[in-house]
Amino acid sequence: MTLTEEILHWKKVRNAVILAHNYVRPELQDIADFTGDSLELSIRAKSVKAPVIVFCGVRFMAETAKLLSPDAVVLLPNPDAGCPMADMAAAEQVRKYKKENPEAFLVAYVNSSADVKAEVDLCCTSGNAETIIGALPADRKVLFLPDRNLGGNMNLRLGREMVLWPGCCPIHDAVTPEAIRKARKEHPGSPVLVHPECRPEVLAEADQALSTAGILKFVRNSSDKSFIIGTEEGILHRLRKENPEKEFFPLLPPMVCADMKKITLEQVRDVLRDLSNQVELPERLMKDAVKPIEAMLDASR
Ligand code: 13P
Ligand code: SF4
């Protein structure tokens, strides 16, 4: 049996569903039942009826799937796949902030641990941040965590003054306006699409700032024939597969999230066979952490 055949075999035995983020290795995207951005994956994890979910992404995503599908066995094929940005906010620090600022309303980017989610009022993803934050009362003091870039970009777009946690995605934070200007010179006329985890000065230089699903949709509906892509390079696989007649130029230097590349086909086979690397969260924590995610899903409907 080939590796793919083995995976399909065990998937059937376990009656499992494979969910994958748009950044993971191409071969994982190809065997997944569903590939999407964080918002789409949360919605899918909630509606999925399978007893076993294999999550090809990073830990906070697998935790979110577990919170939304508590009766399912959720498998994270490589337990070391984390998110450096999520690690920039610890629950203890958030509790300290709450004690010192009891009047503040806390909004957490979904790129945060379940421990942190349990401390906040509301979650958002890059795909719904504008809707979610835009609906908050203008005079309310809001702390946004952990991404100072996404929060800062929302402040600018919505004319708000949210307090920003000092975290960021190291991969998106490294993009510079100069890189965009250079790419535009090399590929004149191609729109520049970046992710809102990039710095505000980068968004000022780009044509669009969109979640990964937003980038895929924009390209699908655009009459342009070529695009400059300013997000993690894993998205190029779907962009090229779904739009074979269009051209995609990644911003340089290459944007690679090492954590998003940690999961391999072999590991997917192994966890399906052994039911290993299950995401397990204490019951009390699950009850608290699911609330801001449910509130987000309600608010973005
Ligand atoms: P989205 O796919 O939700 O845009 O998120 C990007 C990301 O950084 C996930 O880690
Ligand atoms: Fe975290 Fe950035 Fe990697 Fe996404 S791309 S998982 S935000 S480090």
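What you see is a predicted model; the values in this text were computed from it and never measured. As the structure lists them, so they are numbered: ligands from 1, and atoms in each ligand from 1.
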Student: Output the list of atoms in ligand 2 that are nearer than 4.0 Å to some heavy atom of Met85, sorted by atom number.
Tutor: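 So the atoms of ligand 2 that pass are 7 (S).
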Student: Under a 4.0 angstrom heavy-atom cut-off, which atoms of ligand 1 come close to Ser126?
Tutor: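 Those qualifying, in numeric order: 1 (P), 3 (O), 4 (O).
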Student: Quick one: sort the His195 and His172 rings into parallel, tilted or perpendicular, breaks at 30° and 60°.
Tutor: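 Answer is tilted, since the angle falls between 30° and 60°.
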Student: Could you see if Val202 belongs to whatever hydrophobic cluster contains Leu150? Use Ile, Leu, Val, Met, Phe, Trp, Tyr and a side-chain cutoff under 4.5 Å.
Tutor: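 Shared cluster, no.
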Student: Report the nearest protein non-hydrogen atom to atom 7 (S) of ligand 2: residue, atom name, distance rounded to 0.1 Å.
Tutor: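 Residue, atom and distance for the closest contact: Asn111 ND2, 3.2 Å.
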Student: Of the protein's non-hydrogen atoms, which lies at the shortest distance from atom 3 (O) of ligand 1, and what is that distance?
Tutor: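 Residue, atom and distance for the closest contact: Ser38 OG, 2.8 Å.
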Student: Any luck finding a side-chain donor-acceptor pair between Tyr23 and Thr231 under 3.5 Å?
Tutor: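 Yes, a side-chain donor-acceptor pair sits under 3.5 Å.
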Student: For atom 3 (Fe) of ligand 2, grab the closest protein heavy atom and report residue, atom and distance to one decimal in Å.
Tutor: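 In this structure, atom 3 (Fe) of ligand 2 has Cys257 SG, 2.4 Å as its nearest protein heavy atom.
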Student: Is any N or O atom of Thr125, backbone or side chain, closer than 3.5 Å to an N or O atom of ligand 1?
Tutor: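 Such a contact does not occur with ligand 1.
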Student: Identify the protein heavy atom lying closest to atom 8 (O) of ligand 1, giving its residue, its atom name and the separation to 0.1 Å.
Tutor: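 Going by distance alone, atom 8 (O) of ligand 1 is nearest to Glu197 OE2, 2.9 Å.
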Student: If hydrophobic clusters are built from ILVMFWY residues whose side chains come within less than 4.5 Å, do Leu158 and Leu156 share one?
Tutor: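 No, because Leu158 and Leu156 fall into different hydrophobic clusters, even though each may have its own neighbours under 4.5 Å.
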Student: State the atoms of ligand 1, each with its element, that fall below the 4.0 Å cut-off from a heavy-atom position in Ser211.
Tutor: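 Here the atoms of ligand 1 in question are 4 (O).
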Student: List every atom of ligand 2 that sits less than 4.0 Å from any heavy atom of Ile171, numbering the atoms from 1 in the order shown and giving each element.
Tutor: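 Answer for ligand 2: 8 (S).
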Student: Would you call Glu6-Arg273 a salt bridge at under 4.0 Å N-O?
Tutor: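 Between Arg273 and Glu6 there is no salt bridge, as every charged N stays at least 4.0 Å from the carboxylate O atoms.
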Student: Counting neighbours of CD on Glu186 that are heavy atoms of other residues, nucleotides or ligands and sit closer than 6.0 Å, is the number greater than 12?
Tutor: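 Check passes, neighbour count above 12.
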Student: Is it the case that ligand 1 has an N or O less than 3.5 angstrom from some N or O of His195?
Tutor: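 Between His195 and ligand 1, an N or O pair is found under 3.5 Å apart.
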Student: So, is the end of the Arg140 side chain (NZ or CZ) under 6.0 Å from the ring centre of Phe105 and within 45° of the ring's axis?
Tutor: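 Judged by the rule, Arg140 and Phe105 form no cation-pi pair.
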Student: Look at the aromatic rings of Phe249 and His187 and report parallel, tilted or perpendicular, splitting at 30° and 60°.
Tutor: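 Because their plane-to-plane angle is under 30°, the rings of Phe249 and His187 count as parallel.
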Student: Going by atom types alone, do Arg238 and Asn22 pair a side-chain donor with an acceptor below 3.5 Å?
Tutor: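 Side-chain D/A pair, Arg238 to Asn22: present.
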Student: Below 4.5 Å, heavy atoms only, C-beta onward: do Lys291 and Lys117 meet side chain to side chain?
Tutor: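 Not touching, per the 4.5 Å side-chain cut-off.
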Student: Considering only heavy atoms of Glu197, which atoms of ligand 2 have at least one such atom less than 4.0 Å away?
Tutor: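 So the atoms of ligand 2 that pass are 2 (Fe), 7 (S).
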Student: Between the candidates Ala86, Ser126, Cys169, Cys83, which shows the shortest non-hydrogen contact distance to atom 2 (Fe) of ligand 2?
Tutor: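 Shortest heavy-atom distance from atom 2 (Fe) of ligand 2: Cys169.
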Student: For atom 9 (C) of ligand 1, find the nearest protein heavy atom and state the residue, atom name and distance (0.1 Å precision).
Tutor: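 Nearest neighbour among protein heavy atoms for atom 9 (C) of ligand 1, to 0.1 Å: Met61 CE, 3.5 Å.
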Student: For ligand 1, is there an atom lying under 4.0 Å from some heavy atom of Met85?
Tutor: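 No, Met85 has no heavy atoms under 4.0 Å from ligand 1.
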Student: Could you tell me if Ser226 and Ser190 have a donor-acceptor pair between their side chains, going purely by distance under 3.5 Å?
Tutor: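 The criterion, which ignores hydrogens and geometry beyond distance, is satisfied for Ser226 and Ser190.
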Student: So which heavy atom in the protein is nearest atom 10 (O) of ligand 1, and how far is it from that ligand atom?
Tutor: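 Minimum-distance protein heavy atom for atom 10 (O) of ligand 1 reads Asn111 ND2, 3.5 Å.
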Student: At a 4.0 Å threshold, what atoms of ligand 1 neighbour a non-hydrogen atom of Met260?
Tutor: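 Ligand 1 atoms under the 4.0 Å threshold to Met260: 10 (O).
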Student: Check whether any N or O atom of Asp37, backbone or side chain, sits under 3.5 Å from an N or O atom of ligand 1, and answer yes or no.
Tutor: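 No, no N or O pair falls under 3.5 Å.
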Student: Of the protein's non-hydrogen atoms, which lies at the shortest distance from atom 8 (S) of ligand 2, and what is that distance?
Tutor: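 It is Pro84 CD, 3.4 Å.
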